[in-house]
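None of these values were measured; they are calculated from a predicted model. Quick note on labels: first sequence line is chain A, next is B, and so on, each numbered from 1.
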Amino acid sequence: MPEETEQRYDPAAIEPKWQQRWAADPALYAAEPASCGKPKYYVLEMLPYPSGQLHMGHVRNYSIGDALARHMWMRGYNVMHPMGWDAFGLPAENAALKNHVPPRQWTLANIAGMKRQFGRLGMGFDWATELTTCLPDYYRWNQWFFLRMFEKGLAYRKKSKVNWCPECATVLANEQVVDGCCWRHETTIVEQRDLVQWFLRITAYAQELLDGLDKLEGWPEKVRTMQRNWIGRSQGTEVDFFLEEQGPGSRVQGSGKTRIRVFTTRVDTIFGATSVQLAPQHALVAAFTAADAALKAQVDELIDQQKKAREAGDLGAIEKHGVPTGRFAINPYNGARVPIWVANYILADYGTGAIMSVPGHDERDFEFASKYGLPIVEVIRPVHKIEAAQPLPFLSEEGVLVNSGDYNGLTCTEAQMKLQEAATRGAFGEPKITFRLKDWGVSRQRYWGTPIPMVYCESHCQGDGPLPVPGEQLPVLLPEQIEITQQGGSPLARVPEFVNTTCPKCGGPARRETDTMDTFVDSSWYFYRYTDAKNGNAPFDSATAQYWFPIDQYIGGVEHAILHLIYSRFWTRVMRDLGLIVNDEPARRLFTQGMVIKDGHKMSKSKGNVVSPDDMVARYGADAARTYSLFAAPPDRDLDWQEDGVAGVSRFLARVWRLTTRYAPLARAGRGQQAEAPAGLSLKLLRKLHQTIAKITLDFEGRWHFNTCIAAIMELVNEIQAADAQLAAGDVPPPVVLELLRSLVLLLAPFAPHLVAELWEELGEESSVLRAPWPASDPELAKENELEVPVQINGKLVTVVRVAADADAMTLEAAALDDEKVQSRIAEKTVVRVIVVPRKLVNLVVK
RNA sequence: GCGGAAGUGGUGAAAUGGCAAACACACUAGCCUUAGGAGCUAGCGCCCAAAAAGCUUGCGGGUUCAAGUCCCGCCUUCCGCACCA
């Protein structure tokens, strides 16, 4: 019944008004101290990199988290919902290079802009604990942690092959190399270089990080699997082959002084080894080639092939080449003499860099042996085909040994154990577990990062290696005035005031470490800092962290499934072993939201399909943009951004606004009035309401299908709309109208906070909607008294019958058999069986 | 090759083993109007002129009274890992 005076829903007026009010009330989104007595709930979305612009992926991520936080506030929890900035990193330097703006200035300006955007979206963050990783009061604790790790031997230096991106002019972690290219420059091939680097000993926690995954039931299976693969545990045996002495008469088992240690997961096949294969970079190969120029040339070629394949990222596709060294190795189990080859598909940095080649029972070895005419020996047969030879290679571990001396007839598993025992006894091998996970290289030859707090004495203590900066000298400040150039190497090395210092031990001249830390360091522990963000004496207070941790719900993109999340799990364990915290894992539950897609592609500048959150807010309002981002798909799936859909949600919100403002006076009149037992239309509306409350409450408890939650609210609103005329005529008593509208607003509160605040006030409420209890569903009111129950004949739908909701099986069966359509279909047939599921269905099996 | 996820109308999607397509978009028709990116009503999977009937959840089998859902085999797409010994 549109009145002539009726106005229109105007988010552009409503939203800024409430944003101002919220900004003026710092307690609104603030966490309370542990003493508040409420159960705690820590909901965290991954902190953004301050690129300058929020994108739709952010809107989605933070809409999910904000909805959850608001819901938990209304459920009476003490909610922590913080926000910060992952503010170190390369883009700031690139911007400096391009626009001649200092990285700090560029970064802080971006933060200010994005913070404004967050405000315009109405996100409920507690800005009092905001942290910015590029500021000294944060990064000093990176340095502090680094020193603790150095003390414990968890931070160390080693020369190593590193990935070098010519575009970034810096070293990349293995994790930052994607298909042989830089993760930021997807077409730039990464080169290999030798540099002395700082490493964090994450491998010391490899087994624990792996075992911990089994207990992380609140994490997506996909993420757990990806981490398992990344850690890459492999259980096997190391065995020493003996290098045959040069010269005649020296083929004596065990006589060798030189041992070639190989790693194998299939020691049971060792009697089938017909060669030993070394990585081209294996130390022994260098010894062989030293005196053999021809061999050296061949090996260099193999090295080159491997390097090229590695750079191209398709090591898996390398064509197998090998060269014989002319040397022989002795199998310690049977004294067999096998040739030693060098092959381009053997990697120096996995296992021992050497393998035994068993062409009978390994596909790669088979391919290699076939190509070079090496013997292929069968040593395993399937149990049930013990008599007959198999086509080789036979790969299964379900078999028994043949041609294996004393071990013949054993199953593979038995043989593995016995062979391991023999190796240990004979001191030529042992059981061994290998991991694919490598130590974390944290050195970066960049400016915009945390300075590594180490110095190198150039006088008396020169021989002592790197020396830690004393704790009281922290932070080692990043110099502000610096020219960013594209030259390689560390920019800090060109700042004498930074580099030149005094030795903490002898007071003589010394040089500072000029590398900075990987930005993944910043994000490995930031969520602890939120609990005590202003602490100047420690990274955080342990008791406070113990109250808040683990994080109850962590939310972010699946692109962080490996790097950020495995480093965070590592850092948490280090902090635990330092006695700072008691939890093993940072987050109890992890949620990975899907990507935002448009026109079939991820939004990106290069595809030209970017939708700006600012535009959406300007056109439809923040509530519509946020609600759409939750309505268009379940949050874990990819979301297809369709602007018509945003417009649709906006119309829905307008409808809510119209209905609520239209009947708010009526509702307010119902305040304090005694409600009669509802009947007729009132009962119908209240029933729908309580069904909706039940559905949404349940979804917030784990399933998180906010799309169907919002759809359920739409159904409720449609039903109220359908009663418009009766409402206008006063057919529904004011207390019922009050309950309907009040609950409707509460249900919508996690999704459309501005509209809800406006309507909440319209309904005469004075405190924040966040302090109002979440509505409870009354099961009596939610109950239907009549149901339509489908009737099937032989599993095919024939009709529906209308019965009382509590009709028992007999009543339901009778009603079904009584139906005309059913009657005509079962005439002249025999009902063999009747399946009755009360409330659900009747199925007649007839012949 | 290994591992994970997905495949349903014109579109986004919904469905504790129990009426497939809720909710929304788009579209069609009607109404209304202070003409707005408005509002209200109705229709809208396929087949058919229409109704009735029939058909329909990537393909092929199976379990079950009953399968989009469970099991087996395949196809396709996306994601992660990969000569890892």
Can you tell which of [options] lies closest to the side chain of [X]?
X: A:I835; options: B:rC81, B:rA15, B:rC65; answer: B:rC65
X: A:P634; options: B:rA14, B:rC65, B:rG37; answer: B:rA14
X: A:A633; options: B:rA15, B:rA13, B:rC25; answer: B:rA13
X: A:Y350; options: B:rG4, B:rC23, B:rC84; answer: B:rC84
X: A:E715; options: B:rG80, B:rA22, B:rC25; answer: B:rA22
X: A:T264; options: B:rA85, B:rC19, B:rG39; answer: B:rA85
X: A:A711; options: B:rA13, B:rC19, B:rA22; answer: B:rA22
X: A:N707; options: B:rC55, B:rA26, B:rA14; answer: B:rA14
X: A:R637; options: B:rA13, B:rG3, B:rC23; answer: B:rA13
X: A:N718; options: B:rC23, B:rC65, B:rA26; answer: B:rC23

Practice problem: Give each stem of RNA chain B as a range with a range, requiring at least 3 consecutive Watson-Crick or G-U wobble pairs whose two distances are under 3.5 Å. | Solution: B:1-7 with B:75-81, B:10-12 with B:23-25, B:27-31 with B:39-43, B:58-62 with B:70-74
Practice problem: Look at all strands and tell whether A:I346 reaches a base, only sugar-phosphate, or nothing, counting heavy atoms closer than 4.0 Å. | Solution: base
Quiz item: What nucleic acid atoms does A:G648 come within less than 4.0 Å of, heavy atoms only: base, sugar-phosphate, or nothing?
Solution: sugar-phosphate
Quiz item: Roughly how far, to the nearest 0.5 Å, is the CZ atom of A:R626 from the CG atom of A:L653?
Solution: 11.5 Å
Quiz item: Any Lys/Arg nitrogen of A:R228 or A:D214 sitting under 4.0 Å from an Asp/Glu carboxylate oxygen of the other?
Solution: yes
Quiz prompt | Centroid separation A:F241 to A:F428 less than 6.0 Å | solution = no
Practice problem: Assert yes or no for the condition that the ring centre distance of A:Y628 to A:Y620 is strictly below 6.0 Å. | Solution: no
Quiz item: When A:K695 is tested against each of A:T692, A:D699, A:T697 for side chain to side chain donor-acceptor pair (under 3.5 Å), which residue passes?
Solution: A:D699
Quiz item: Should the heavy atoms of other residues, nucleotides or ligands under 6.0 Å from CD of A:E301 be counted, would the total exceed 12?
Solution: no
Quiz item: Quantified in whole Å, what is the P atom distance between nucleotide B:rG61 and nucleotide B:rG68?
Solution: 15 Å
Self-check item: Inter-nucleotide P distance (B:rC47, B:rG10), Å rounded
Solution: 9 Å
Quiz item: To the nearest Å, how far apart are A:E363 CD and B:rA82 P?
Solution: 19 Å
Practice problem: Could you classify B:rG58 for me, syn or anti, using a glycosidic angle within 90° of 0 as syn? | Solution: anti
Quiz item: Does the side chain of A:T237 reach to within under 4.5 Å of the side chain of A:L419, using non-hydrogen atoms?
Solution: no
